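Single-structure report; data block below.
Numbers restart at 1 for each chain; the letters A, B, ... are given by sequence-line order, proteins then strands. Fair warning: this is a prediction, and the values are worked out from it, not measured in the lab.
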Amino acid sequence: MTSTNPFGEFRNECGAALRDALAKVKHLPQPSLLSLNPPPSVEFGELASSLCFDLAKQTGKKPFELAEKIAKMIDVSEYSLIVSVKAVGGYINFYADFPKFAALTLGSIKELDEKYGFVEIEKPYTFIVEHTSVNPIHPITIGQARNPVLGDTIARLLRARGHSVKRHYYIDDVGRQSAVIAYGYLKLGKPKPKGKPDHFIGIIYTATSCITEIQRLKKQLENTTKTNTPTEEKQKIQKQLDEWIDVAAEMEDKHPELFRKLREEISKDEDPESVINELNRAYEAGEPKTKTLIREVCELVLEGFKESLSRMGIFYDSWDWESSFSWSNEVSNVIEALKKTPYVYSEKDVLEFDAEKVAKDFELKKKLGLRDDYKVPSLTLVRADGTTLYTTRDVAYSLWKFKKAQKVINVVGMEQTLAQMQLKLALYALKHGDYAENLTHFAYNLVTLPGYKMSSRKGHYITFDEVMDEATKRAYEEVSKRSPDLSEDEKQKISKTVGLGAVRYSLAEVDPTKPVVFTWDRVLNFEKNSAPYLQYSHARACSILRKAAKPTIKPNFALLVDPIERETVLSLSRFPETFIDAADNLKPHSIADYANALSDKFNTFYAKLPVIKAKPEPLSTARLVLVEAVRVVLRNALIILGIEAPEKM
RNA sequence: GGGCGGGUAGCCUAGUACGGAUAGGGCGCAGGCCCCCUAAGCCUGUGGUCGCGAGUUCAAAUCUCGCCCCGCCCGCCA
């Protein structure tokens, strides 16, 4: 017998037993919830119900009396997986028939193998998961890296759940920053990148920002002397200027040739600012020369991104250019459509969207989790110069996404909560409330550095590449130290698996709503609660299986009497429930948590009990089956996390 | 000022949707374990006003209200 969800089977039996018993006891109200939960300790069984406390309130009877009465009504012989039911202190505790339950769990894992745990949903949807979408202006920083890891893990969860999932990258090529780089790139004579292209363009971005900012601030300062500006204001400008001058010194030191050439070229322009603005305008308008230029720069950066992300096992099904929506009239169509609603008005020369009025008219405050008296800020749709803003274009993009999918998940930092809300309100205004309701803003918290603030414009950041490189290097040292007998080739391979796994795990492991402070310690953790720990557990299981002779004697699961054996089986049986919860409620970190807990059980088992040498044979075989099951489940969990499961390390 | 998110031992963290039994881990610190399938491991110990205060309840880390601290947002940036 196999089950896609062994613990679920047991849970169903307990539920049925409870309902049955309740029906037999007179004068009891039918409770809406059975309150079946795993008890704090195995001594209380595998599942326990606290519903007698609720019933006690309603009937005026004592909880422990009710519990005893109900427990007595349950005839365990009617159920295959329940061996006994005990009433303790008002709780009703259910004990699993362990040999049967172990046979069901371990048998199912063996049978389902790479499918075990991935219970498919009855009604699958088509999904678009938009994630990463890092602006192509500099290398991906460690601060941004949480996004692709979370997004990719969510996509893996949903796919395994049976949904049809497309992973989209939204390329933010419209906007001032792209114009800044294009300007610098042009001034340098469209140089061929030295080194990794995203790093190279990142340098141009910082250098160009730096040079133009210094010029701008200097001019501003000159004006202040003419116009009698308060000293406070002057000091503020001076402070900004000083900061940029520091950056300039850094840049000149690190990239003297490039920086000097750029400075020289830019100084030839009377007003660099207006050239940049003109580039931005021309790009959005789709003027061919600018199109070619900016696309060329973006493509270079994306090439670098693809390389970085592929190291983490992260890939995309679609690369969506923001500019395409401007050029194809989809953005202007959205603006026209919005103009026809009562929610758009002109103020001076700009077009504003009255998000507050939509929220009120459609009675959405409660739905969006807002107070009635909260006023949603309005959103500017079009600038005075006729160019559009990010969220405006995002409305067009969202409409496009919903032509391709029933549900859309935007993996976007929580700092954009307001913008995402305004986006939804715009969809309502366009009579696409259905889209808004199928749009999930998966908001995650920031990754920060301890002590100082990352600034991508100023070039002060730790790149994702650096972190991956360092982790791989550290892993190599560890592998060499711990497994000196491995071949050089194996060492290289394992250190990559382990190092990159450690990085990915450290970003996936924490509840996404919590802020993360980046420390090397967190990422370079190769001990407990880390990818290497899970990988090591997996490798240990593989090692036993490798060394064991093929099982010939029938396993006897009744011989698995040690508490740790039972706890390991129990943990294995719960993987499907954990997976369902993680997929349906978008909780990628709970898979990491689960895999870590399972590894804990397995390592305790490993240290305590022999497998191959265990006597009698049916016990040895039973343990071998258990080890095999741990191997399978750990590997499956690691696949969801996008982490490789090595057989040796 | 308003909104959103977070606050669990010295540090990091699970649990909060749907209230249940002694709040589960890890790092650190102190000590112990390779006769034995990989010591990236195992065992023992140490450490908690679950931000604070009320309330609801037989029962609150979890629900309600008020307050405090941290972060982010409230742009003709993205």
Strictly below 4.0 Å, heavy-atom distances to any atom of RNA chain B: list the hits from residues 495-505 of chain A, or just say none.
A/Val498

Can you check the distance between B/rA54 and B/rU22, where both ends of the measurement are the P atom (answer in whole Å)?
23 Å

Identify whether any heavy atom of A/Ala597 sits under 4.0 Å from a base atom; if not, whether one sits that close to sugar-phosphate; answer base, sugar-phosphate or nothing.
nothing

Which part of the nucleic acid, if any, lies within contact of A/Leu379, taking any heavy atom under 4.0 Å across all strands shown: a base, the sugar-phosphate backbone alone, or nothing?
nothing

Would you mind classifying the nucleic acid contact of A/Leu545 as base, sugar-phosphate or nothing, using non-hydrogen atoms under 4.0 angstrom?
nothing

Look at A/Arg474 and B/rA40 and indicate whether a side-chain polar atom (N or O) is within less than 4.0 Å of OP1 or OP2.
no

Nearest to the side chain of A/Val479, which nucleotide is it out of B/rC72, B/rA78, B/rA40?
B/rA40

Using whole Å, what does the distance between atom P of nucleotide B/rC77 and atom CZ of A/Arg176 come to?
10 Å

Spacing between A/Tyr536 atom OH and B/rU38 atom P, to the nearest angstrom
8 Å

How does protein contact run along nucleotides 13-26 of chain B, one letter per nucleotide 5' to 3', with B for base contact, S for sugar-phosphate only, - for none, heavy atoms under 4.0 Å?
SSS-B--BBB--SS

Of the listed B/rA78, B/rG6, B/rG41, the closest approach to the A/Thr513 side chain comes from B/rG6

Interatomic distance, A/Gln177 CD vs B/rC77 P [rounded to whole Å]
11 Å

Whether A/Glu478 and A/Arg482 form a salt bridge (side-chain N of Lys/Arg under 4.0 Å from carboxylate O of Asp/Glu) is what I want to check.
yes

How is A/Glu347 classified with respect to the nucleic acid when contacts are heavy atoms under 4.0 Å: base, sugar-phosphate, or nothing?
nothing

So, A/Glu644 and A/Lys496, do they make that salt bridge, N to O below 4.0 Å?
no

Sugar-phosphate only, base, or nothing, as touched by A/Ile612 at under 4.0 Å among non-hydrogen atoms
base

Tabulate atom names and distances for all N/O pairs under 3.5 angstrom spanning the protein and nucleotides 1-3 of chain B.
residue, atom, partner, partner atom, Å
B/rG3, OP1, A/Arg371, NE, 3.4

